[in-house]
Every structure is written in C-alpha cells, then in structure tokens.
Amino acid sequence: KPQFFLSQDIARCVWRLFCMHPMETLGNGDLVFIPCPEAGFLPGRVVAVYRDDTADVELESTRGHTHSACRRVRLAEMCLRFPMDDVSATSADNTSLVYMNEATIVENLRLRHRHNHIYTYTASVLLAVNPYKEIAGLYGDTQCALYRGKHIGTLPPHPYAIADQVYRAFMHERTSQALLISGESGAGKTETAKIVMQYLSFISGAASEPNSRVQARVLHAQPVLESFGNAATMRNSNSSRFGKYSQLLFDADGALTDASIKTYLLESSRVVHHNEGERTYHCFYEMLAGLSDERVNELHLERGRCYRLLCNTGKAIKGFKERDESNFQKLVAALQTVGLHDGDIDALFEVLAGLIHLGNLPVDDDSAVPLDDDDDDGIQTARVDYESAEHAADLLGMDPDELVATLTRKKVSVPGRNSFHEVPRTTSQFRQALKSLVKALYKRLFLQTVEHINKSFAAERSVAHDSFEGADDGNATAHIGILDIYGFERLEKNSFEQLCINLANERLQQYFVENV
C-alpha cells in the first residue's frame, strides 16, 4: 500500500476542515481573512469566539490598520490563512496553497502582482492580473525559445507555456485545440491574445516565404482590428467592442500555413453615441491625428474641430494625441501588410471622413447636442447642414440632394389605394434615420475590412503542404482557435448591444466554470 505522510500543521488543518463542527473550526489566536468591501479581504487574528457563530477579529497592522482595530464577523465569512511573516513567499500555482479558499487565492495573486509576477497557474488554467505597464524581459523571441517544449510548471507561469501545451497537443493528437481568453473589461484579454499568437507564430517557424508572409499577416491583423473595433471607455482605454475568434491552420510539419478571423456582435451603436469621458472607435481619431495637413483638407476636415460623432458631449478627451499619431502609423503599415494598396487605404479614410460629416448633418442651436438626442415635440421638421451633406455625399459616392431627401422625407402609403406620398420627417425621425445609416455604413466597413484580411490569408496559403483533416469534423480543417471575447462592462448608459455583450460574457464564463 502507498503511504502518505503529513506534517503536524497540515494534519491539523485537514482535521479542522473536514472533521470539526463549523463553530469549532476556529479558536482564539487563529489566523484568518475577513471580507472587506474596499480591499476584498483583510488579515486578522481571532481573539474571541461566541455561541451565535460570530467572533471578534483583531486586524493586523498591514494595509493601514493597527492591531487595536477589532471587528465582529460571522464565522461563515472567515477564511483560514497562514502567517504572513514573509510577504515575498508566494505560490506559482494556486492548487499548492494549503488553505484553498477565495481569500488566500486573491492574496496570493495580490502579492505576486506586487512583485511583477502577473501570471499564476491554477492547474492548467492561467490567471493574469493586468500590470498596466511594460515589464522588461517578459516577452520576445528569447522567452519564446525558453518555453518551447517545456511542460507546464517547469518554468514560471506564462501564456507561452499554455500556447506551447496547446501546440504540442495539436501536433500529437491531430485534432483542433482552443484557447479561451475571458475576463472583465480592462483585464488584458486583447494583449494576451496577441502574446499567444506571437508564440504560435514563433514556434511554427517559417518553412517558406509564403509561410513567413502568413505569419506577418496574422500578427499585423491585430492593429487593424483594434483600430476599427476598439474604443476608450471609462474602465479601459483600449476596450474591445466586438468578439473575435482567430483560427490558425498548420501543415503536417507544424508550419503556420493559413488563418481566418470571425467577428461577433460589433457594438455599432458606439459610432453614434458614447458616454462622457469615453470615445468612439480609435480609427476616427487616429486618422485625424496621423494624416498630412493636405490630406485632411482634401477630406474637408479640421484637426482641432470637435465633431459631433467624435465628441458627444462637446468636449474632446485629452491625453490620446501622441498615442493616436503612433497608432496611425502602425495602422497604415498593418493595412499594407495585409494586402491593401494605397488606393484602398485612402478609400477607407474617405468613408470614415464621410461618416464624420454625416454626424454633423443635424442643425442645432447648441453644437454640443449629441447625435442620439431625439427630443422634439413631434412636429418640428428637421434642419440640415447642407455643407456637411455635400462633403459626406462627395466622400461616400452619393448624390447630395438624394441623401438629404431620403433622410428628411419619408414615403407614406395611402390607405385603400396603391400609391404613396411623401411627408417631412420630424427631427426625431430624421435623427433615427441618420443614426441607422451611420451605424450600417460603419458596420459594413468593419466587416469588409475583416473579409479583406481573411482573403489576404487565402492568397498566401502555402501550396507546399496540405493541412491535415480534423478528426473531430470530417469536413473541417484542424486548427488552433483563440477566442478573445469582449469583457463584461457596465456603462453610464447601456445599449441593448451592451446587454448582449455582457450576457455572452457571462454565458461563456459559466461554460468555462462547468467544463474546465
């Protein structure tokens, strides 16, 4: 028979957890965590236990509390802990914690984050805590080489280790694998997805020139998607406002040969409305910040002007100028890498500029009135800025008179007769029609850009090797999938799309809990 040896302390912990009555599990002098609305959990020591299943806990001097601070807490809300003499001692895997409870896991993550150890395992699951800063030496080809072929736990926790495990399972089992990246808004999902793709591109090598170009396009597709699908919210300056599933296909030798991207539920309402302190999609601001003065004038735009589509509240959000200029250069380079010619790129910016002018069509006494303000008396007819209409029509390839007529007038059927007559729209109806047009045009632009990226992958598909067929689906090609889902977020004004985003996030998280 195998024999198991437990230390005296561990044996006492096991006996307490499984053999004692709940009221008897805690005694004077025991070290515990107690819940705290601000800090999550606070460390303390039990000084008295009462028969009503409560206890007095003396808080430790850490985190701004003194030993004299004492709180009455229910026993059911306490979590046992170890002494905190060495705060630098942490566990790289939460499953190695003797006291396996929410408080000790959170404390372990907090201490590791303090020392820039932002990754922690829970068995084969990797937890990441966003550092909101660059950590030198954490990523790159040198680190990729270290994790190549290593089992989880051999080296410190890292997305490279998870990606390597997925790649080796894919090559060994010849079946599709998937990486699920989930978390609330601002947790770092988009960056983690890019880190994983970087490793998979590295480990697959570049067996041929077409393979090398596929790798480059996989990596450069991300800046394009971020510019057209990400925006600044109150919680996250680079929040993904759409879901993305990236498929990476490999040949029998493990070389990356093809890729595709599927997108879900773009928050198109953000094009016409965003809350105070937020922005619409990055591409609008990057275009204004990065284009030459001559090109800006050709698009009938002004850099310093606060356009209604970009500034719902009439005030521009500061602190993004340098980043917008830098990201514009990355966007143009990425668009060129994925196969767009200069004429195609110019056409993209013309559509974006046309949408900006469409946003300025309504004429209001207050220029700060947002596009989504639908208040009117139901009688007032819409007034239109014809200069903006002409600029928008010119850039979007429309007739300005037809554009204005379609938005300001509607056809009404005559009861009992097969005929129609036109009536003017009210201000509210005009705004609703304009919002629908702007949202539809932007969504089509986004989907067309994704489609072009996918076509660029197909154009570079390697013909030297055939991808192996997936055993789990006879008609599908085996691939490694990376799901980067939008994060849960509660905005000041939440649209129906935001409800769907949050619901999808919660359902996915529940699936993860039940199956992983």
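Just the heavy atoms: all of them, side chains too, but no hydrogens, waters or symmetry mates, feed the values below.
At least one cation-pi condition fails for Arg241 and Tyr281: the charged atom is not both under 6.0 angstrom from the six-membered ring centre and inside a 45 degree cone around its axis. Phe41 does not carry Arg110 over the face of its six-membered ring by the limits of under 6.0 Å from the centre and within 45° of the normal. A cation-pi geometry, defined here as NZ or CZ lying under 6.0 Å from the six-membered ring centre and within 45° of its normal, does not hold between Arg217 and Phe457.
Applying the side-chain hydrogen bond (donor to acceptor under 3.5 Å, both in side chains) criterion to Tyr442, with sequence neighbours excluded, gives no partner residue.
Aromatic ring orientation, His117 versus His115: parallel (interplanar angle below 30°, classes split at 30° and 60°). Between Phe82 and Tyr99, the ring planes are tilted. Angles from 30° to 60° get that label.
A heavy-atom distance below 4.5 Å is found between the side chains of Leu445 and Leu352.
Residue Pro159 is tested with Leu138, Ile181, Ile195 for a side-chain contact (heavy atoms from CB on, under 4.5 Å); the sole match is Ile195.
Evaluation of the side chain to side chain donor-acceptor pair (under 3.5 Å) test over residues 138-149, restricted to residues two or more places apart or in two chains, returns Tyr119-Tyr139.
Checking Arg270 against Thr280 by side-chain atom types alone, no donor-acceptor pair falls below 3.5 Å. Of the N and O atoms on the side chains of Ser91 and Asp93, not one donor lies less than 3.5 Å from an acceptor on the other residue. In summary, the side chains of Asn454 and Lys262 do not present any donor paired with an acceptor at a separation below 3.5 Å, with no hydrogens or angles considered.
At most 12 non-hydrogen atoms from other residues, nucleotides or ligands lie less than 6.0 angstrom from CZ of Phe496.
Scanning both residues, Gly229 and Leu266, for their nearest heavy atoms gives CA-CD1, 4.4 Å. Here the closest heavy-atom approach between residue Leu109 and residue Val129 is recorded as CB-CG2, 4.4 Å.
Looking at Asp484 and Lys189, no side-chain N of the basic residue comes within less than 4.0 Å of a carboxylate O on the acidic one, giving no salt bridge. Salt bridge present: Glu60 and Arg81 bring a charged side-chain N and a carboxylate O closer than 4.0 Å.
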Practice task
Check the pair Phe170, Phe250 against ring-ring contact (aromatic ring centres under 6.0 Å, His included), reporting the backbone distance first and the verdict last.
Solution key: CA-CA 9 Å; Phe170 176 79; Phe250 302 81; 5.6 Å; yes
